[in-house]
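What follows is a short report on a single structure.
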Number of protein chains: 2
Amino acid sequence: MVHMKTASAEDTRWLTDEEQRTWRAYMHAVTLLEDHLDRQLQRDAGMPHVYYGLLVQLAEAPCRRLRMTELAMRAKITRSRLSHAVARLEKNGWVRREDCPSDKRGQLAVLTDEGYEVLARTAPGHVAAVRQALFDRLTPEQQKSLGEIMTILAEGLQPKEAGADLPWLR
Amino acid sequence: MVHMKTASAEDTRWLTDEEQRTWRAYMHAVTLLEDHLDRQLQRDAGMPHVYYGLLVQLAEAPCRRLRMTELAMRAKITRSRLSHAVARLEKNGWVRREDCPSDKRGQLAVLTDEGYEVLARTAPGHVAAVRQALFDRLTPEQQKSLGEIMTILAEGLQPKEAGADLPWLR
DNA sequence: GCTCACTTGTTTAACTTTCAAGAAGAGGGC
DNA sequence: GCCCTCTTCTTGAAAGTTAAACAAGTGAGC
């Protein structure tokens, strides 16, 4: 079998101790930070971090509205998840749906004034939390380094178009 | 009001453009990576990343068993979440519960042979996924830097004992 | 115009996570 | 022993997420 697709125990390059430590520190930190911010936003804004991110995206978009698919892509979530999320935000009165004029299949998620208010009221606390948990603890060099590293990782994981990882097909 | 606890819009130190970019790159990368690994493990091992982490912790523990609270702390999840998770893993036959001999309230989560097999079979693929997504893309310097940064962040977010953030009480 | 493959967004059910409440035992002080 | 408080773990309901299936619309090719 020349082209094994799955790694087997024998030919696996296990993580070195150093890599192991790095990976665990990563998982540990990322878990704690997400939990921390989720709790902070649940308490102060009454919604999870992902939902807050949706409002932010809408607030930044022209006319405070986006197509569902576009919003899903920017927020890096599935359309299904977005459907549920918008349903909830709509119930809160923070988002409203509108039909897309140019595509009858389409829906626009629109940030309501009330939604904007929530954002305006809770953003300072959220920024403070991010600052306190992240930026206040890192030197400028570390911040720069973190930015570079995360950019690289994100690029490598970008949901690829078909064949993006099959160079011989391009 | 001398001691404002919540930040207001006027005195908020918003993120600079640079910080903004760093923060978004972080969120972006972390989201994509967790999704990627969750999907990989769901497909190859039939469980989410967190559950896999529980099996790993048990496999490393003496006699492949741990008290529920201890396991919850190592995995950084709540005891409640762990109860549900172990119930599911028990249904799969990968974990078994035992009474703790020294404390009648206590329960031990024990990795079964079957659970160990699952781990042995799926670990190579998981390590490969982590390598491909993370280590293969970073220089040794970046790996070192990432480790340091994540260690700092994790320390700052450690679930604190009462008063840990109140220096004048210590 | 018609067809066919693809896109868009929603829905359902199964599953996971959170939150609040509670049963049961441990352990110190008296 | 008895009381009181704290710890341990579980439970049930509500909220959120996922995967698969589906209705409706688009658009290219003929």
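Given the structure is predicted, the values throughout are model-derived calculations rather than measurements. Quick note on labels: first sequence line is chain A, next is B, and so on, each numbered from 1.
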Requested in this report: Taking only Lys NZ, Arg NE, NH1 and NH2, and the carboxylate oxygens of Asp or Glu, determine whether Arg21(B) and Glu18(B) approach each other closer than 4.0 Å.
Outcome: yes
Requested in this report: Please tell me which of the listed nucleotides, dC9(D), dT18(C), dG9(C), lies nearest to the side chain of Ser83(B)?
Outcome: dC9(D)
Query - Stepwise side chain to side chain contact (heavy atoms under 4.5 Å, CB included) check, Leu108(B) with Arg67(B) - result: CA-CA 4 Å; Leu108(B) 292 167; Arg67(B) 283 288 295 269; 3.8 Å; yes
Tabulate atom names and distances for all N/O pairs under 3.5 angstrom spanning the protein and nucleotides 20-24 of chain D.
none

Query raised in the report: Is it true that Arg96(B) and Glu98(B) make a salt bridge, defined as a side-chain N closer than 4.0 Å to a carboxylate O?
Result: yes
Query raised in the report: To the nearest Å, how far apart are Asn92(B) CG and dC15(C) P?
Result: 10 Å
Query - Gap between atoms CD and C1', on Gln107(B) and dT10(D) respectively (whole Å) - result: 9 Å
Report task. For Asp38(A) and for Arg79(A), find the nucleotide of DNA chain C with the closest heavy atom, then tell me which residue's nucleotide is more 5'. Result -> Arg79(A)
Report summary line: Partner of Leu54(B) under side chain to side chain contact (heavy atoms under 4.5 Å, CB included), picked from Leu82(B), Leu111(B), Val95(B), is Leu82(B)
Query raised in the report: Which residue, Met47(A) or Thr69(B), contacts DNA chain D at a nucleotide closer to its 5' end, judged by nearest heavy atom?
Result: Thr69(B)
Query raised in the report: Glu19(A) side chain to Thr16(A) main-chain N or O, any donor-acceptor pair under 3.5 Å?
Result: yes
Query raised in the report: Is it true that a side-chain atom of Glu34(B) and a backbone atom of Thr31(B) form a donor plus acceptor pair closer than 3.5 Å?
Result: no
Query raised in the report: Is any side-chain N or O of Arg88(B) closer than 4.0 Å to OP1 or OP2 of dT16(C)?
Result: yes
Report task. State whether the distance check finds a donor on one side and an acceptor on the other, under 3.5 Å, for side chain His84(B) versus base dG12(D). Result -> yes
Query raised in the report: When all nucleic acid strands are considered with a 4.0 Å heavy-atom cut-off, which category describes Arg97(B): base, sugar-phosphate, or nothing?
Result: sugar-phosphate
Query raised in the report: Could you give the CD1-to-C1' distance, from Ile77(B) to dC19(C), as a whole number of Å?
Result: 15 Å
Report summary line: Judged by nearest nucleotide, the residue sitting upstream toward the 5' end of DNA chain D, Lys104(A) or Val50(A), is Val50(A)
**Report entry** Distance, rounded to the nearest Å, where Glu90(B) contributes CD and dC9(D) contributes P
**Finding:** 14 Å
**Report entry** Aromatic plane relationship, Tyr52(B) with His49(B) - under 30° parallel, 30 to 60° tilted, over 60° perpendicular
**Finding:** tilted
**Report entry** Spacing of Met73(B) atom CE relative to dT7(D) atom P, expressed in whole Å
**Finding:** 12 Å
Query raised in the report: To the nearest angstrom, how far is Glu70(A) atom CD from dG9(C) atom P?
Result: 10 Å
Query raised in the report: In whole angstroms, how far is the P atom of dT17(C) from the CG atom of Leu89(B)?
Result: 10 Å
Query raised in the report: Between Arg67(B) and dC9(D), does any side-chain N or O lie under 4.0 Å from OP1 or OP2?
Result: yes
Report summary line: Between Gln42(A) and Met68(A), whichever has its closest DNA chain C nucleotide further toward 5' is Met68(A)
Query raised in the report: Atom NE2 of His49(A) and atom P of dT18(C): how far apart are they, to the nearest Å?
Result: 15 Å
